[in-house]
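Remarks on the structure that follows.
The figures that follow rest on heavy atoms only: side chains count, while hydrogens, waters and symmetry mates do not.
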Amino acid sequence: MFRIILFLVLIALAAAGAAWVADQPGDVVISWGVWRASPSVPVFVLVLGLTIVAVVFAWSLLRGLWGAPKRMRRRRHEKRQARGRQAITHGLLAIGQGDGHAARRHADIAKRLTADDPLALLLHAQSAQLDGDRAGAHRAFQAMAERGDTRLLGLRGLFIEAQRSDDPVAAVTIAEEALKLSPASTWASQAVLGFRCAQSDWTGALKILDNNFASGLIDRAAFRRQRGVLLTARALELETQDRDLSRDSVTEAIKLAPTLVPAAVLASRFQSEAHQTRRAMKIIETAWLAQPHPDLADAYAHVKLGDSARQRLVRVETLASKAPGHIEGALAIARAAIDAAEFTRARETLAPFTTDSTQRVAMLMAEIERTEHGDSGRARAWTLRAVRALHDPVWTADGYVSDRWRPVSPVTGRIDAFQWQTPLAALPSDRASTIETEILRETVLAPPPAVPKPVVPVPVEVTPSAPAQDLAAEPEVSAQPEPVADAAPEPAEAPPLPKPAPAPPPLFRDRSDIASAAKPAVAIPAVIPIVRPPDDPGVDEADDYRDEFAELNAGQQQGGWRGFLRRWGG
């Protein structure tokens with residue numbers, strides 16, 4: 001609307017001007033040599049306007065002809081650039097689709113049309129990587145690293161190629177150069193930090209971590225946790241070399257990460273040595289509430305040096321009460337109870353976890369059976385059950401299982417990657433246990449053997465349906481006893497009659513060398529067979545018998561005939 005009004009106003013002004021010029025009287029005289037003209041004012045104005053228009057048109061025409069070659073070159077260059085950008089676009093799409101042949105073809109087109117385009121260099125490098133041409137990718141990234149606008153991108157590509165070539169020296173050199181070029185580079189800082197940790201250069205790693213926090217690459221919570229992890233690693237390494245620096249490091253680490261288990265254990269140890277028992281217990285209790293751990297329980301039990309086993313048991317029970325129902329608390333109490341010879345307390349603590357027991361629960365039950373009663377059969381059954389039991393939590397990071405805590409994952413180099421958890425390979429499967437329920441009930445879940453009371457023999461008739469075993473049978477009894485062969489051949493029998501099959505021969509027969517009058521008048525009572533698990537070979541009477549739990553019971557009195565011989569000096 002505004003434009004229409006403006007157009008009408010301009011037309012009105014032009015018409016008014018033309019009318020004013022037409023109303024002006026007089027002539028204009030122009031004299032040039034012998035040439036003389038005297039047009040009127042309106043004619044002169046009209047001729048002057050046409051002359052100006054002609055001059056402007058002629059100037060524009062000459063200027064266009066003069067700049068035509070330049071415009072043609074520019075248009076040809078723009079056309080090449082457009083084709084090159086189109087090739088780059090299709091090449092990047094081909095790389096995303098995994099089409100190496102198309103990516104290489106578009107990369108060649110882009111390199112021919114736009115050789116100086118950074119995206120063309122990137123496409124060429126990525127297409128070489130997709131085809132497995134490491135030399136070509138290295139050349140492309142090297143060319144990018146020599147340019148100012150793509151230097152950081154080229155260094156990152158060279159860093160990746162160095163990692164693929166398993167050249168850690170070149171990789172860390174490139175990462176350090178990139179970090180100098182751009183201190184806020186995430187990949188360079190993480191790479192240098194990982195290499196510092198791999199070389200156990202904890203001081204250098206702490207400096208890199210401080211730079212990352214100053215550059216805003218990590219937040220405050222992650223910075224405090226990672227700094228506590230690195231300080232703990234340095235304290236553990238210097239524990240036997242520089243105890244003062246180790247103590248200072250772990251003291252700062254426990255302030256930054258109070259729930260870190262290794263830091264809490266080491267800090268409590270230093271506090272115990274300084275006779276700061278209450279402070280040491282407070283440190284362990286804080287970490288225990290976050291995550292119960294056997295190292296925390298052991299440190300809490302020995303927080304006061306020189307305590308007896310019963311005093312340690314009372315202290316561990318106090319710690320376990322802060323996380324009731326947790327299996328780590330039960331295991332800690334059971335361990336302390338066994339050391340204090342409180343086997344009943346140990347059994348009661350482990351009872352809720354024996355149904356679906358883990359390996360540590362089963363091994364503790366085996367130790368209880370062997371230490372308390374000297375029952376090798378039950379201890380062996382629990383040991384066999386421990387082999388097939390669920391795994392206990394371990395230090396795990398990125399699928400890697402370690403027997404101790406580590407500050408950095410050996411797989412990815414990530415800080416604070418190890419977690420106390422059950423590994424994936426130890427999860428329960430759908431395979432049924434090979435230990436039968438009957439055997440477990442008779443060996444593991446049965447009450448401890450009691451001293452048998454004297455029983456008056458009662459005459460019992462031995463029938464084929466309830467065969468008895470011989471008193472002189474071997475200790476190892478198979479699940480299905482084979483029938484005993486006849487001592488003497490039976491006399492020839494008459495031809496078989498249509499009647500049921502004859503009953504099997506009895507297990508006990510009369511001896512021919514003893515007269516009938518010498519036989520007792522009372523029948524021999526039946527012998528109740530001793531039921532043993534199939535894997536129990538019985539009592540080994542060999543002289544070279546070695547008890548696998550002998551080291552644990554070295555300082556205690558043994559039962560059975562071995563204890564009798566030991567007490568009499570046999």
Side-chain angles (χ1 to χ4, degrees), residues 1-97 99 102-127 140 143-154 181-182 184:
M1 186 65 182
F2 176 76
R3 293 182 179 180
I4 296 175
I5 296 175
L6 180 62
F7 178 72
L8 294 176
V9 170
L10 292 176
I11 291 177
L13 292 175
W20 180 79
V21 171
D23 293 340
Q24 297 298 323
D27 298 331
V28 177
V29 178
I30 301 175
S31 177
W32 189 358
V34 297
W35 183 80
R36 184 180 178 86
S38 58
S40 60
V41 174
V43 175
F44 175 76
V45 172
L46 179 60
V47 173
L48 181 61
L50 292 177
T51 303
I52 293 175
V53 171
V55 171
V56 171
F57 178 75
W59 174 256
S60 299
L61 181 61
L62 292 176
R63 186 178 179 181
L65 292 176
W66 180 267
K70 184 177 181 180
R71 288 195 303 271
M72 292 177 64
R73 289 194 301 269
R74 185 171 62 250
R75 291 186 60 184
R76 186 167 58 251
H77 178 72
E78 291 176 354
K79 189 176 181 179
R80 288 174 60 87
Q81 290 291 331
R83 290 177 57 191
R85 289 298 179 91
Q86 186 178 7
I88 292 173
T89 301
H90 290 291
L92 294 176
L93 292 176
I95 289 176
Q97 297 171 0
D99 190 354
R104 185 171 60 255
R105 179 167 52 84
H106 290 297
D108 294 338
I109 296 174
K111 185 178 181 180
R112 186 179 69 254
L113 297 177
T114 56
D116 295 335
D117 196 333
L119 293 179
L121 296 176
L122 178 62
L123 176 60
H124 182 70
Q126 290 188 348
S127 62
M144 296 172 66
E146 294 175 355
R147 298 179 47 162
D149 54 347
T150 58
R151 182 172 180 78
L152 190 61
L153 181 58
L181 183 64
S182 176

TODO: State whether the number of non-hydrogen atoms from other residues, nucleotides or ligands found under 6.0 Å of Ile4 atom CD1 is greater than 12.
DONE: no
Task: Exam field: side chain Arg71 to backbone Gly64, donor-acceptor pair closer than 3.5 Å - done: yes
TODO: Can you measure from CD (Glu78) to CZ (Arg74) and round to the nearest 0.5 angstrom?
DONE: 6.5 Å
TODO: Run through Gln81, Lys79, Arg73, Arg75 and flag the one making a side chain to side chain contact (heavy atoms under 4.5 Å, CB included) with His77.
DONE: Gln81
- [ ] For Pro118 and Asp149, work out which heavy atoms get closest and say how close.
- [x] CG-OD2, 3.7 Å
Task: Euclidean distance, Leu119 CG relative to Leu92 CG, rounded to 0.5 Å - done: 7.0 Å
Open item on the list: So which atom in Ala103 and which in Ala94 form the shortest heavy-atom distance, rounded to 0.1 Å?
Closed with: N-CB, 3.7 Å
- [ ] Check salt bridge (charged side-chain N to carboxylate O under 4.0 Å, His left out) between Asp117 and all other residues, then give those that pass, not counting sequence neighbours.
- [x] Arg85
Task: Test side chain to side chain contact (heavy atoms under 4.5 Å, CB included) applied to Arg112 - qualifying residues, sequence neighbours left out - done: Ile109
- [ ] Working to the nearest 0.5 Å, report the span between CG of Leu6 and CD1 of Ile11.
- [x] 10.0 Å
Open item on the list: As an exercise, state the distance from CZ of Arg63 to CG of Leu65, rounded to the nearest 0.5 Å.
Closed with: 12.5 Å
Task: Contact summary for Ala87 and His106, nearest pair of heavy atoms - done: O-CB, 3.4 Å
Open item on the list: Working to the nearest 0.5 angstrom, can you tell me the gap between Ile95 CD1 and Leu123 CG?
Closed with: 5.0 Å
Task: All ring-ring contact (aromatic ring centres under 6.0 Å, His included) counterparts of His124, not counting sequence neighbours - done: none
Open item on the list: So, taking the atom named CG in Asp99 and the one named CG in Leu93, what distance separates them when rounded to the nearest 0.5 Å?
Closed with: 11.0 Å
- [ ] Check Met144 against Thr150 and note the closest heavy-atom contact, atom names and distance.
- [x] O-OG1, 2.7 Å
